[in-house]
Amino acid sequence: MMTRRGLIRAGAAAVGSLALRPFGLLPALAQSGSNYRALVCIFLFGGNDSNNTIIPMDDVNYPAYTSIRQSLALPTSELTPTVYSTSNAPYAFHGKLPEIASMFSSKELAVVANVGSLVQPLTRAQYQAQQAPVPLNLFSHADQQQQWQTSIAQGNGPTGWGGRVADYIESQNFNSSKFPVFFSVAGNAELGTGATTTPVSLSPGGSLQLAGFSSSAASQARFSAMNNLLTLDSGALLAQAANATLANSISDATSLDQALAKGTKLKTAFPDTVLGLQLQQVAQVIQVASLLGMQRQIFFCSLGGFDTHAGELEGHNALYPQFSQAASAFYSATQELGVTENVTTFTESDFSRTFQPTTTDGTDHGWGSHHMVFGGAVQGGQIFGTFPTFELGGPNDTDTRGRWIPTISIDQYGATLASWFGVPDTALPTVFPNFPNFGSQKIGFLG
Amino acid sequence: MKKLVWVLFVSSLAFGQTANTIVRRGPRDASQMTDRAAARFLDQATWGATPALIAALEQLGIDNWLAAQFAAPTSDLPDQAILTSTGQSNNNLTPVVGAFFANTVNGQDQLRQRVAFILSQMWVVSQVSVHPAYAFPPYWRIFRDNAFGNWSDIIKAVTLSPAMGTYLNMANNNKANPANGSAANENYARELMQLFTLGLNVLNSNGTPALDSNNNPIPTYNQAQVTSLAKVMTGWTYPTAPGATAKTNNPSYYFGQMFAVESEHDTTAKSIFNNVTVPAGQTAEQDLDTVIAALMQQPTMAPFVSKQLIQHMVTSNPSTGYVYRVADVFSGTQGNMQAVITAILTDPEARAGDDPNAPANPSFGHLREPILFMTDMVRGLNGTVTSANSLDNLTSELNQNLFNPPTVFSYFSPLNQVSAGLYGPEFQIYSTQTAADRADIVNTAIYGKLDSTTTLNLTPFVQLAGNVNSLLNYIGYVFLHSGMSSSLQQAAAQAANAQTTPTAKAQAALYAVLTSSEYQVIQ
């Protein structure tokens, strides 16, 4: 593999297309302090079967769960010890999520039940009679991943809700630099595409500094030639798009490298896993947020493999420990950095999955899903919203396989997060156009 | 446009002769193809233009060159051991991906390999969930062998492939079991329609979505039809390994095709897409053949498939007319791939840019995906690549890890938009990180070593570097269809002229060109 070792060049890139960011000057003494806020998205790609993430353990639901889920039903020996919500209802998490259960018990983590893409509130009767609008291309990975990121159930991209939040933050000059608000450690994500802002993407442990340049005149001539080309408008739209991405990379590279170089190694040990390394990188950026001039940042992480049509128990046994341990380490890191109150982490996923199993010991594509939110600002230890009725063909089912019609929309979930982040109520309908369809009702997990 | 006889020049270098002058001559009577036209065509049809290939195409002309490619001896990927020497599952794909990259440089069947790779990106199987290395050469051969065959044969061969059987769970997909309340697995049924054949919405023959009376797109199928098609796809298991006894649900085995186990096939009547009825009482294979025949009758499939093939080969944003013309060949020939590929490559829209004075089409072209960037650069820089190469490590850094796409949606989606209405599938994996990494890979190629076994030869470039204009002309001939813009010439000259030695001048000019968007986006 390549090593990223680039010698730091002297000059700054001079770029000037509309699509390009102004060069991110490093502020001398920016202070983030207690006003700093970060949102951290962990996207569980493939559609997490949240029916096996958290299970209601009361006398009605748990027997219904075991009776319908059969071979996929987790016995109590494969669940965490029962935890009680603040309203004293019993729940258990998947046994491979002990850290998550512990955060729930210590009121650092909340669960938001049955969230999904919706155009407007929807009943089973309306769905079956096709009497109300439903999201575009339900049960399709690509479309539902997109709608979780755009919060536009009708499927009209191309901006993400995180990008639109970033647009607002930029427009209000929350940050003292022009470093991007949206920061992905998991590649491009539509969540971060704004109308007026673009995200920065960094691989965990990576760098954006270009290799091979020195301060010699010969080298600087090469570098300057490269930069001159990036400002060229040839009229070819895809070439322009490629120019913009490389120019953004060059303009973000120096401030990012310089800031990260001033960070100190975190004492918190992160697991050496895909998600562990991503969240470690996020924590390291949060540590130097003030050096980047950032008061508001949105981070994007992801973990794939949740499309468990077959062998779901084995799949979860491999994936859940990674999720649980990485999430827990990240929360510990925010404690170490003294920013627990300033950082809110939340999950997204394509959809949940059929309550009824397949003949291959898995589950097929579903809809409404339970999600986790954690951080010091979260009203932890609570279940927000209601679990669906565990009945195939029952009141929450689209058909007869247990694809739950959501009772909380992505708009409500996202607006709650964005509101805490600093988007005022008056601006929420701009970021979440369908939010008024749900009475502009936020969910109380951030107070 | 005048031709420059770079081939003679370069081959003379190979024989240790001195080439002092560059001979200029007029277009060949045989084809009248310019260097620009030939190199553009090869950028769409091969792993990258080289002086030798440009000369061959100019000599043969497109039709004869295509005929030769259709008949060219085929490259292969080496079969792998099932178990390691210690009896574990052999999951090491390194020899296979190494051979793949060596073939891109050394194989004569350039067009076949390109099409096979494109098909493998449309019919995805990934080592993310199919672990044994030996599963992959047989799976890839489906696309190699059918690249110029028939689309319906591809549907059937993939459907019965044990690798796909694992990846989308058609293997051991038993019929519903009332005793434990389980239902047939919907995975393959859904993605067969959504990704491989029909797409989500009914299309007009020019690829635009058909609309209902309320101006809404029309779904090609509904959820109930997915559930029904899942029943159609029940009753198949893995091939029986040599020496093993056939079981209702065999363990995974990746040589050969899956076979039907009728006792686990759902024989009820099913209503599938377009309200086609699969009659009750058929065998598993009869059901499958009914479905394939019905798919081949769906008018949506021709534009759905044709547009993606065009996007991979020529342009991310084909006009409706281009899609229509190719789809028309697809449906008119019942999915004859040889005819479809010919239609794509010879279409007036693909060839328009051969004329340097043609009006610019701002949305034309496509970003080189990482593997295509790597192969074109290595071929253009006279690479010597053996199957011991590790070029895949570099393309993986750019998010294209061969045979390991992250999901069934492959490395990037044909639906990815760069901005509203402007499609750019390959941009889905082009980020601030991978853009920097891509430039750094150029840096490694030019100033370092791509890997311990791959060698590049910059000599032909260095030999010309005494005259920067000659150098840039030659770089443009190899990498930019003899059409380097004046701005890029100016920038590359600025970079080269600041260097002192011929080697440094050649390196600086190559770095400037190969990192430029003018090169990275094939136009």
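A, B, ... follow the sequence lines: proteins, then strands. Residue 1 opens every chain.
For B:Tyr423, the part lying near chain A is the backbone, with the side chain staying farther off; criterion is any non-hydrogen pair under 4.5 Å. For B:Ser129, no part sits under 4.5 Å from any heavy atom of chain A, backbone or side chain. Heavy atoms closer than 4.5 Å to chain B are found in the side chain of A:Leu229, but not in its backbone. Neither the backbone nor the side chain of A:Ser234 comes within contact range of chain B; no heavy atoms are under 4.5 Å apart. No part of A:Asp361 comes within reach of chain B, as not one of its non-hydrogen atoms sits under 4.5 angstrom from that chain. With a 4.5 angstrom heavy-atom cutoff, A:Ser203 touches chain B via backbone and side-chain atoms both.
Heavy-atom pairs under 4.5 Å with chain A were tallied for B:Ser487, B:Ala360, B:Ser419, B:Ala224; the largest tally goes to B:Ser487. For the set B:Gln494, B:Gln523, B:Glu186, B:Glu518, the count of heavy-atom pairs under 4.5 angstrom toward chain A peaks at B:Glu186. Chain A forms the most heavy-atom pairs under 4.5 Å with one residue out of B:Thr227, B:Asn187, B:Val521, B:Val418, and that residue is B:Asn187. Put simply, of B:Asp451, B:Asn249, B:Leu422, B:Val226, the one with the most heavy-atom pairs under 4.5 Å next to chain A is B:Leu422. Per-residue counts of heavy-atom pairs under 4.5 Å with chain A were compared for B:Asn172, B:Asn177, B:Asn173; the largest is that of B:Asn173.
A salt bridge is defined here as a Lys NZ or Arg NE, NH1 or NH2 lying under 4.0 Å from an Asp or Glu carboxylate O, and A:Arg124 with A:Glu391 fails to meet this definition.
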